Number of protein chains: 2
Amino acid sequence: MTQETRPLSKKDIRRENEKLILEAAEKVFAEAGFGGATMQLIADLAGLPKANLHYYFPTKESLYRRVVQAIFHDWLKAADIFDNAPGPVEGIGAYIDAKMEISRRHPAGSKVWASEVMHRAPVIQDYLETTLVEWTEGRMAIIRRWIDEGKMNPVDPRHLLYMLWATTQHYADFGHQIETLNGNAPLSDAQWEAAKDSVKTIILTGIGAIPSA
Amino acid sequence: MTQETRPLSKKDIRRENEKLILEAAEKVFAEAGFGGATMQLIADLAGLPKANLHYYFPTKESLYRRVVQAIFHDWLKAADIFDNAPGPVEGIGAYIDAKMEISRRHPAGSKVWASEVMHRAPVIQDYLETTLVEWTEGRMAIIRRWIDEGKMNPVDPRHLLYMLWATTQHYADFGHQIETLNGNAPLSDAQWEAAKDSVKTIILTGIGAIPSA
DNA sequence: CATCATCTTGACCATACGGTCAGGTTAAGA
DNA sequence: TCTTAACCTGACCGTATGGTCAAGATGATG
């Protein structure tokens, strides 16, 4: 009863293999860092011979670049929720939810991103200077508007954003520490909910968007 | 007018060289990660021949272990302030100040720590499971006491601690991103003060330790 | 001053890694 | 069916890296 699979088209092969490689690469880069990752390790995890990796991605660096770019893309996309929100409770609340969900579902990506930035962003510095700067300015303007409209306290928008990034990404980047402090067990569904609630409550209370208990 | 330096004693030589090596190693490990760091790079930065490093630290891993242990030590020491504080405003406020100061003065150490944890703590897992667990339990007890005494809102102490770690360490670990968003300039004294104030205000307000603006 | 333990270092080695390539296989297209 | 372009991969190569070592220099000790 072997599965009767008709041959994949060339395009499907390409898409399939690139996907396999990128997924494996993300994991390995996250676990070992760029320097500690080896093409052989990635190849083994992807189930392909090493030479095949070099067929699709000429160098280790080009593979790494693709991984980081994909992560940056998701990173920005998570912030769409921020816009069009009537106020901080909805906007920031949803943003926290979205970023916590990323931390939960794609911890490897978050780690690769953290590693890249920690190492002075050798690959995506240009993105930081253009896209990220614009993105940040835009959200800061929204926060300022909410402040002007009296929907929250006059906090520094920049540091509020840093706090949002730091707090949500912490659950991915330091996930191992958190698991250790949780008796070497991953957070349960309920614990993830509690984490989200805690973060949202403290921050939204902290900026005066919801009343203190 | 050459300096007339009398010969260093053997003990001084050892202390001096170990210090040189450990400082250089911390920087290199922070910038390149464990895998990306090379003994040659560390040797060059320390101004010593590579073979000399292996005289004091037999392997790259043993050197790395010493670096991480030193950082963990500082990490815990910063929390002494936490104890004996009459309430969250003083205790948590001082803790935030202390950890922000570490992020400012020793960003490399913070990065090495982050990297170690992100890579599943291959070297200090036992410390996490013993010392860190105890430390965390202790501070959670203090926070619970403050809650019982009505000095702050009944937030989850665990997630409050995570938020404190995440937010303060973010200024070191993601310092490059922060600098980029600051027009490629390091934060000035005033900006560091503003950062500290923002963090303290939002968190202390968020837990109901100080009134909302 | 003589002996010893400690420190120093250039030269060397084995290994692992990123990357190459030639020769083969397979789907696409005419 | 035949040709071509895309895909596949075992074997190979140069280099960089962690680590070793033997021989010498230097401070401690009595």
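Predicted model only: the values in this text are computed from it and were never measured. For the numbers below, each heavy atom of this structure counts, side chains included, while hydrogens, waters and symmetry mates do not. Every chain is numbered from 1, with letters handed out A, B, ... down the list of sequences.
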What residues from residues 55-64 of chain A pass a heavy-atom cutoff of under 4.0 Å to DNA chain D? A:Tyr55, A:Tyr56
What do you reckon, are the aromatic ring centroids of B:Tyr127 and B:Trp113 less than 6.0 Å apart? no
Can you list, in residue-number order, the parts of residues 32-45 of chain B that come under 4.0 Å of DNA chain D, counting heavy atoms only? B:Ala37, B:Thr38, B:Met39
Under a 4.0 Å threshold between the charged nitrogen and the carboxylate oxygen, would B:Lys50 count as salt-bridged to B:Asp44? no
Between C:dT25 atom P and A:Ile13 atom CD1, what is the distance in whole Å? 16 Å
Lys/Arg N to Asp/Glu carboxylate O, A:Arg65 vs A:Glu61, below 4.0 Å: yes
Mind running a 4.0 Å heavy-atom check of residues 14-22 of chain A against DNA chain C and sending the residues that fall below it, in number order? none
Reported CZ-to-CD distance for the pair B:Arg139 and B:Glu134, which is rounded to 0.5 angstrom: 10.5 Å
Between B:Glu31 and B:Lys27, is there a salt bridge with N-O shorter than 4.0 Å? no
Angle between ring planes, B:Phe82 versus B:Tyr95, binned at 30° and 60°: parallel, tilted or perpendicular? perpendicular
Polar side chain donor-acceptor pair, B:Gln177 to A:Tyr162, under 3.5 angstrom: no
Mark yes when over 12 heavy atoms from residues, nucleotides or ligands other than B:Tyr64 sit less than 6.0 Å from its OH; otherwise mark no. yes
Are the charged groups of A:Asp12 and A:Lys19 less than 4.0 angstrom apart, N to O? no
Specify the residues of residues 46-54 of chain A, ordered by number, for which at least one heavy atom lies under 4.0 angstrom from an atom of DNA chain C. A:Lys50, A:Ala51, A:His54
Output all residues satisfying ring-ring contact (aromatic ring centres under 6.0 Å, His included) with A:His119, sequence neighbours left out; order by chain, then residue number. none
Using a strict cut-off of less than 4.0 Å between a Lys/Arg side-chain nitrogen and an Asp/Glu carboxylate oxygen, indicate whether A:Lys196 and A:Glu101 qualify as a salt bridge. yes
B:Thr130 meets the side chain to side chain contact (heavy atoms under 4.5 Å, CB included) criterion, sequence neighbours left out, with none
